[in-house]
Amino acid sequence: MVEKLVGVVVVINILKMKIVIIFFTIFLAVISSNAQDNIYKKRVLESIEIDMISSLYNQFGDSAAVCGGLGTEELQDATATIIISAPLNDDGILKFEAGVSSYTSASSSNINPFSKKKVASPFNASSGASKEDEWTSYSLSYLHYSDDRNGIVNTKISVADEYDYSSFGFGLGYTSIFNRKNTELSINSNVYFDEWKLIYPIELRNNNSGDKNDDDDDDDDDDDFDISLYTVTGAVYSPEKYFSPLTDRKRNSYSLSLGLSQILSKNLQTSFSLDVVKQQGLLSTPFHRIYFNDVDNSFIENFQLANDIERLPSDRYKISIGNRLSLYINEVVKLKSFYRFYTDDWGISSNTISIEAPCKVSSKFTIYPAYRFYNQTASIYFDSFDEHFSTDMYYTSDNDLSGYTANQYSFGLSYTDIFSELNFWRISLKTIDLKYAHYSRSSTFRANILTMGIKFIID
C-alpha cells in the first residue's frame with residue numbers, strides 16, 4: 001500500500017511539472033493571437049479552460065487470461081488526466097490532453113509466476129517486473145468553427161506508450177448544424193498505428209522451446225529465468241511442439257463514426273450513432289497462456305506450464321449502432337437513456353442499456369444516479385481453462401471474449417460555481433464532479449471506480 005501511494009505521488013509530481021510547461025506554452029500562444037483578433041466577433045470559447053480528472057480503480061476475480069483463464073485478476077490503478085482548451089482565435093479552439101495511469105496487477109505479475117518467495121500458483125501474485133506498469137498518453141486537437149457557427153472541422157493527433165505497447169493515431173471530422181440549429185450531423189474518422197513489445201510467458205522463453213523477449217537489453221529481471229533450475233512435475237514439458245514465436249508485432253485500427261442529433265421538442269432530444277471499425281495485425285495478447293485439453297499437463301510447484309499463447313485472427317471487423325434520448329421533465333429532474341447494439345466477425349454480439357436521472361437539488365448541486373446493463377455472446381474462438389485442443393487454429397481463454405452479463409450501478413454528485421465565487425487571481429472554479437461506480441459480471445469478476453473531475457476557467 002505504501003509503495004502504491006508513493007507511486008501515485010510520483011505521478012502527480014510529474015504531472016505538475018508538465019502542467020506548468022504546457023500552460024506557459026499555450027498562454028503565450030493565446031496572448032500572441034489576441035492582438036490579431038477581431039474584437040467585434042464573439043469567440044466560440046472566451047477563456048482558457050482546464051479540466052483535471054483523476055480516478056482510483058480496483059478489480060478482482062478468478063479467471064485471469066495471463067494464466068489461461070484461471071487465477072487472480074486483482075488489479076489496482078490510479079490515473080490522472082489534464083485537458084487544456086484554449087481559444088487560438090475567434091473561430092478556433094486548441095485542446096491538449098495528457099494522461100498518466102499507474103497500476104499494480106497480481107494477474108500480469110504471473111507472466112513470471114516464479115519470481116517470488118511464495119509457492120508458484122495462479123492465485124498468488126508474483127514480485128516480477130511485470131507486476132506494475134505505467135501508461136502515458138498525449139493528444140492535441142484543433143476545432144475550427146465557421147463564421148455562422150454551423151460548421152465545425154476537427155483534427156486530432158495522439159500518442160500513447162507503456163512498457164509493452166505503443167500507439168500513434170490521428171483523426172479528422174466534420175459537424176454540420178442546420179434546420180434552425182435543431183439538427184446536427186457529424187462524421188469522424190480515426191486511424192491508430194500500434195506496436196507490441198513481444199513478451200511471452202516466462203516458461204516459453206529462455207529455454208530450448210522458445211526465445212527471449214524482443215528487446216533483450218531492456219531491464220527485465222524475468223529474463224534471468226532458467227527452467228532447468230526448477231523441478232517439472234507431471235508430463236515431460238515439450239512446448240516446442242505447439243509454441244512458435246510471433247512474426248508480427250503491429251496492430252492497425254481504422255474507424256468511421258456517423259452521428260445524427262435531433263431536437264424533437266422543447267423537452268425531448270435524441271441522437272443516433274453508427275461506428276464501423278477495422279483492425280489488422282497482432283490482435284491477440286502475447287503473454288496470455290493457453291492450455292490444451294488433449295495435452296498432458298506439466299507443473300512447476302502449483303503452476304501449470306503453458307502449451308501455447310493466445311492466437312487470434314489478424315483481421316477483425318466491428319460495427320455498432322446506438323441511440324440516446326434526453327427527456328427534460330421539469331426544472332429538477334431529467335432522464336437520459338442509451339442503447340447500443342454491437343456485433344463483430346469473431347462471433348460476439350452485445351447489447352448495452354443505461355439510464356441516468358440527473359436531479360438538481362439546488363442551484364449549485366446535482367446528483368445523478370445511473371444504472372447500466374450489458375450482455376454479450378462468446379467469441380467463436382473462446383473456451384475456458386484447459387478446454388482448447390491443439391488442433392484448433394485460433395484460441396483464447398480471455399473472459400473479456402466470453403459470454404456474460406454485467407451490471408453497473410453508479411452515483412454522482414456535481415457542483416457548479418455559477419457566479420465564480422471561488423476564484424484566485426484570474427483562475428475561477430467552474431465545476432466539480434465526483435462519481436462512484438460498482439461493476440459486476442455474471443462470473444466472479446467485480447470492479448470499483450472512484451472518479452473526480454475539476455474544471456477551471458482562466459480569464
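FYI, side chains are in, hydrogens and waters are out, and symmetry mates aren't considered; it's all heavy atoms of this structure.
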Quiz prompt | Inter- and intrachain pairs under ring-ring contact (aromatic ring centres under 6.0 Å, His included), touching residues 169-195, at least two apart | solution = none
Partners of [X] by side chain to side chain contact (heavy atoms under 4.5 Å, CB included), sequence neighbours excluded?
X      : answer
Phe373 : Tyr371, Asn375, Thr405, Asn407
Ser443 : Arg441, Phe445
Ser402 : Phe382, Asn399, Tyr404
Ile427 : Phe456, Ile458

Provide the full list of salt bridge (Lys or Arg N to Asp or Glu O under 4.0 Å) pairs with a residue in [range], sequence neighbours left out, each pair given once.
range            : result
residues 402-415 : none
residues 383-396 : none
residues 172-190 : none

With [X] via salt bridge (charged side-chain N to carboxylate O under 4.0 Å, His left out) - residues at least two apart:
X      : answer
Lys318 : none
Glu49  : Lys430, Lys455
Arg316 : Asp344

Only distances under 3.5 Å count here; give the side-chain donor-acceptor pairs of residues 66-74 to other protein atoms, sequence neighbours excluded, each with its distance to 0.1 Å.
| residue | atom | partner | partner atom | Å |
| --- | --- | --- | --- | --- |
| Thr72 | OG1 | Glu74 | N | 3.2 |
| Glu73 | OE2 | Asp62 | N | 3.3 |
| Glu73 | OE2 | Ser63 | N | 2.9 |
| Glu74 | OE2 | Gln76 | NE2 | 3.0 |

Quiz prompt | Salt-bridge criterion met for Arg149 and Asp91 (N-O under 4.0 Å) | solution =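 Answer for the salt bridge query: yes.
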Self-check item: Check: Ser101 and Asp77 side chains under 4.5 Å, non-hydrogen atoms
Solution: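 Yes. Closest side-chain heavy atoms under 4.5 Å.
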Exercise. Check whether any side-chain heavy atom of Ser261 lies under 4.5 Å from a side-chain heavy atom of Gln269, and answer yes or no.
Key: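 Yes, at least one pair of side-chain atoms sits under 4.5 Å.
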